[in-house]
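Read through the structure below, which is laid out as structure tokens, and then see the notes.
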There are 2 protein chains.
Amino acid sequence: MDNPHPWAETLPLLYEHLWARLIRGVHDRHAPARHPVLATVNAQGMPQARTVVLRGADQAAATLTFYTDLHSTKVEELRASPLATLHVWDASAHLQTRIDASVTLLTGDDVSETWQRLPEHSRHAYSSGPAPGTPIADSLAYTKTPDQVAFAVLRLDIQAIDALHLGPHHRRARFTRADHWAGQWLVP
Amino acid sequence: MDNPHPWAETLPLLYEHLWARLIRGVHDRHAPARHPVLATVNAQGMPQARTVVLRGADQAAATLTFYTDLHSTKVEELRASPLATLHVWDASAHLQTRIDASVTLLTGDDVSETWQRLPEHSRHAYSSGPAPGTPIADSLAYTKTPDQVAFAVLRLDIQAIDALHLGPHHRRARFTRADHWAGQWLVP
């Protein structure tokens, strides 16, 4: 059986393909990379995970960007341990991408231009008032008031990308910043 | 605008619905809960995440089960820190489910009956030889020889479930074992 995904057969093609799919996630809200899972570790050493929205992907710098409410639990966790893993499952490509990164939190003047470009309806996700996760008596007993002070950007500096392709033969590779993204095949 | 998902409106209905969707994941390979993301923490304190296949869901005991190769990195991580979070994004229900759990690793005689029931073609995922993640010179320079000794079951004893429903109004609730799954609304 031929491999329906020839880009999985060499390390350089695979690496270019990974980035093409990440970049598509920034521009196409239906692309799998649009909604990755971001995993972090909380103060008790518990792993935590949530869906996030990919906002930027820069292959040359090997960085990804996300927006967040500054009062969210993930910000608290990343302040204590600025390490994250991002997970994308791309069903049509039969491709699992896992990205290890160090995370920088950008706030205030560093993100004011980004805030200015946000459409009004998007600003409700960044609000003053009770933080996400606060107990409330009824499901809708909350309001969200857009607040520029609550808007933050997470910049992920990628350290390693692990790609697993499930085809007629499974293939797995790991690309690291330390190795200038040359890549290494691994047992799947 | 009416809520197209009335099950999100009360804590008991929401809890029952969460379990119905988990149980569907066991029996329907196209259900979103079939392929959750399992997050763990490695020895360096880095979060790690990968797609897993849901094999069992027991609402009365509040447990979930998964199969794994005993030589996989996640087993090594769970032996050091037996805590995990499971993440399911159910696009059609607009529902994110996050499950905190303590994890028990079952091997040997405890899983031999389960191994006997596995179809032959499924056994290749549990093999002797180089462990998953071992560097290799070429993408296909590996073989997988089914080996019962490599077969293990992960039992997740659920401690808490956090559900986020994105509707005309967003709703979020947390259900805990300590609270006998009564549930608590949270600010989304």
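Just so we're clear, the structure is a prediction, and the values are computed from it rather than from any experiment. By convention in this document, chain letters (A, B, ...) are assigned in the order of the sequence lines, proteins followed by strands, and residues within each chain are numbered from 1.
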From CD1 (A:Ile99) to CD1 (A:Ile158), nearest 0.5 Å: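 One gets 4.5 Å once the value is rounded to the nearest 0.5 Å.
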
Just verifying a value: how many Å separate B:Leu18 CG and B:Leu22 CG, rounded to the nearest 0.5 Å?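 Going from the CG atom of B:Leu18 to the CG atom of B:Leu22 covers 7.0 Å.
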
Kindly work out whether a path of hydrophobic side-chain contacts (I/L/V/M/F/W/Y, heavy atoms less than 4.5 Å apart) joins B:Leu86 to B:Leu154.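 Looking at the clustering, B:Leu154 is in the same group as B:Leu86.
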
[Y] side chain reached by [X] side chain, heavy atoms, under 4.5 Å:
X: A:Leu156; Y: A:Phe66; answer: yes
X: B:Pro6; Y: B:Leu13; answer: no
X: B:Pro146; Y: B:Phe151; answer: no

Please classify the contact between A:Ala91 and chain B as side chain, backbone, both or neither, with a heavy-atom cut-off of under 4.5 Å.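 Neither; nothing under 4.5 Å.
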
Which atoms of [X] approach chain A - backbone, side chain, both or neither, heavy atom under 4.5 Å:
X: B:Ile136; answer: both
X: B:Ala173; answer: neither
X: B:Ala137; answer: backbone

For A:Val75 and A:Leu105, what are the C-alpha separation, side-chain angles and deciding distance, and is it a side-chain contact (heavy atoms from CB on, under 4.5 Å)? CA-CA 8 Å; A:Val75 168; A:Leu105 180 69; 3.8 Å; yes

Pick from B:Pro130, B:Gly45, B:Ala49, B:Ala84: which one has the most heavy-atom pairs with chain A under 4.5 Å?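 Top count of heavy-atom pairs under 4.5 Å with chain A: B:Ala49.
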
Check chain A and chain B for donor-acceptor pairs under 3.5 Å and report each one on its own line.
| residue | atom | partner | partner atom | Å |
| --- | --- | --- | --- | --- |
| A:Pro47 | O | B:Thr85 | OG1 | 2.7 |
| A:Gln48 | NE2 | B:Asp100 | OD1 | 3.4 |
| A:Ala49 | O | B:Arg98 | NH1 | 3.3 |
| A:Thr51 | N | B:His87 | NE2 | 3.2 |
| A:Thr51 | N | B:Gln96 | OE1 | 2.7 |
| A:Thr51 | OG1 | B:His87 | NE2 | 2.9 |
| A:Thr51 | OG1 | B:Gln96 | OE1 | 3.2 |
| A:Thr85 | OG1 | B:Pro47 | O | 2.7 |
| A:His87 | NE2 | B:Thr51 | N | 3.3 |
| A:His87 | NE2 | B:Thr51 | OG1 | 2.9 |
| A:Gln96 | OE1 | B:Thr51 | N | 2.7 |
| A:Gln96 | OE1 | B:Thr51 | OG1 | 3.2 |
| A:Arg98 | NH1 | B:Ala49 | O | 3.3 |
| A:Asp100 | OD1 | B:Gln48 | NE2 | 3.4 |
| A:Gly133 | N | B:Val187 | O | 2.8 |
| A:Thr134 | O | B:Val187 | N | 2.8 |
| A:Ile136 | N | B:Trp185 | O | 2.9 |
| A:Ile136 | O | B:Gln184 | NE2 | 3.0 |
| A:Ser139 | OG | B:Arg171 | NE | 3.2 |
| A:Tyr142 | OH | B:His170 | N | 3.4 |
| A:Tyr142 | OH | B:His170 | O | 2.6 |
| A:Lys144 | NZ | B:Pro188 | O | 2.8 |
| A:His170 | N | B:Tyr142 | OH | 3.4 |
| A:His170 | O | B:Tyr142 | OH | 2.6 |
| A:Arg171 | NE | B:Ser139 | OG | 3.2 |
| A:Gln184 | NE2 | B:Ile136 | O | 3.0 |
| A:Trp185 | O | B:Ile136 | N | 2.9 |
| A:Val187 | N | B:Thr134 | O | 2.8 |
| A:Val187 | O | B:Gly133 | N | 2.8 |
| A:Pro188 | O | B:Lys144 | NZ | 2.8 |

Could you pull out the closest heavy-atom pair between B:Leu70 and B:Val149, with the gap in Å?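 Here B:Leu70 and B:Val149 meet closest at CD2-O, 3.5 Å.
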
